[in-house]
Amino acid sequence: MLRKTRTNKEQQETIRRRMAHIGQVLGGICRIAMIGLTVLAIVIGVAAALIAAGIVEPGVFSGVYARNPIYLLLRTIIAEMDERFIAAIGCTVTALTFLGMALLVRGLKRTMADTAISGKPFTHEAAKEIRRTAFIMLIGMLYNPFFGIALSLSLLLLSYFVEYGVYLQEQADLTQAIQEEMIVSFAEITENKSGQTGQHVKRVSEYARVIARELGADDETIRLASTMHDIGKLMIPESILEKPGKLTDEEYAVMKQHTTYGGKLLENVEGEVMQVARTVALEHHEREDGKGYPTGKKDISLEGRIVAVADVYDALTSRRSYKEAWEEDRAFDEIRRNSGTQFDPQVVDAFLRCREEISHIREMYADRE
Ligand SMILES: [Fe+2]
Ligand SMILES: [Fe+2]
């Protein structure tokens, strides 16, 4: 049975889905506000015409223009002007204000939609756009100063919320980048010191990625984590690592310890990829039938079971001082033959289904002679 952990990719996917959802909700709110403002603008515009034509008494629509600064100004400076005309002008100004606000909300709706669709939900550009809209929304003061200021401040607050989101996103990206750099350095050191000529680590991690993807697991995490599967070899004496012939029983017992050493090296390192790397370092020589090492356990993680197949396939198809590289067909048969005993049958099946891709990776990262 496949056991899956909650991985980076899944978490990112969940965040992306939530952001898309928030974007959709905000987009929906913007759409309703846009329609509402446009309808209000039309109704108030009609009201202005009715008031000017003397069909409706201005007092009926006093709520629309009573706090309108243009109306108040006109009433103060031109005392003799007919209230009907001043009210009609006030209504017209309010109608135009609402229309302008509807257009601004339309722009904001587009930004929200773009932001939600993109992989990175928070951007400086989106924050800047919202801030710009916040300032222009001060036109709402033409309807009612308090309303205009409140609306503008709310949008300003939203823009700072988006900026904070950008900051959090950047921090997360930085942590991920540092972790990946560390992993690559570790993998290079291991490869140089472990006496493995060529590109064993690169090939194993690529095979593991392909198998993980075939099984629907987090292929990127497994690819990165598996580059450190032999990191414990840093603690094994060079005399054993670089011995040209086959190892004696004693030497082999020492060599086997690279699994527990790897586990110890990665014990206190934080981060999800590093935790998977630790599991892989510990379990990549365990076997389905419990005859593996270091513990002989049968309850092996999916990552450990995947790297076990990838590692053995690469060992078989690579040249060693004591053996020639096997032909691909023979290596695939060997993996199939050991399905259910050494390897997890589901992992073997996935591996065999990707035969073409595995073969391509082998050619692409062939050993440099
Ligand atoms: Fe190993
Ligand atoms: Fe290995």
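Numbering of ligands and ligand atoms starts at 1, following listing order. All residue numbers refer to positions in the sequence shown, counting from 1.
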(request) Run the numbers on Phe351 and Tyr207 for ring pair (Phe, Tyr, Trp, His ring centres under 6.0 Å), then give the verdict. (result) CA-CA 8 Å; Phe351 173 76; Tyr207 296 152; 7.0 Å; no
(message) Taking 2.8 Å as the distance threshold, tell me the number of protein N/O/S atoms next to the Fe ion (ligand 1).
(response) 4
(message) Assigning hydrophobic clusters by single linkage (Ile, Leu, Val, Met, Phe, Trp, Tyr; side-chain heavy-atom cutoff under 4.5 Å), is Leu50 placed with Phe98?
(response)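 Linked within one cluster.
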(message) Walk me through whether Arg330 and Asp333 qualify under salt bridge (charged side-chain N to carboxylate O under 4.0 Å, His left out).
(response) CA-CA 5 Å; Arg330 190 180 167 204; Asp333 285 347; over 6 Å; no
(request) Would you check, one step at a time, whether the test side-chain hydrogen bond (donor to acceptor under 3.5 Å, both in side chains) holds for Arg203 with Thr317? (result) CA-CA 11 Å; Arg203 285 191 303 264; Thr317 50; 5.9 Å; no
(message) Among Arg305, Lys298, Arg287, exactly one meets salt bridge (Lys or Arg N to Asp or Glu O under 4.0 Å) together with Asp344. Which residue is that?
(response)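 Output: one option passes, namely Arg305.
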(message) Among His284, His200, Glu283, exactly one meets side chain to side chain donor-acceptor pair (under 3.5 Å) together with His229. Which residue is that?
(response) His200
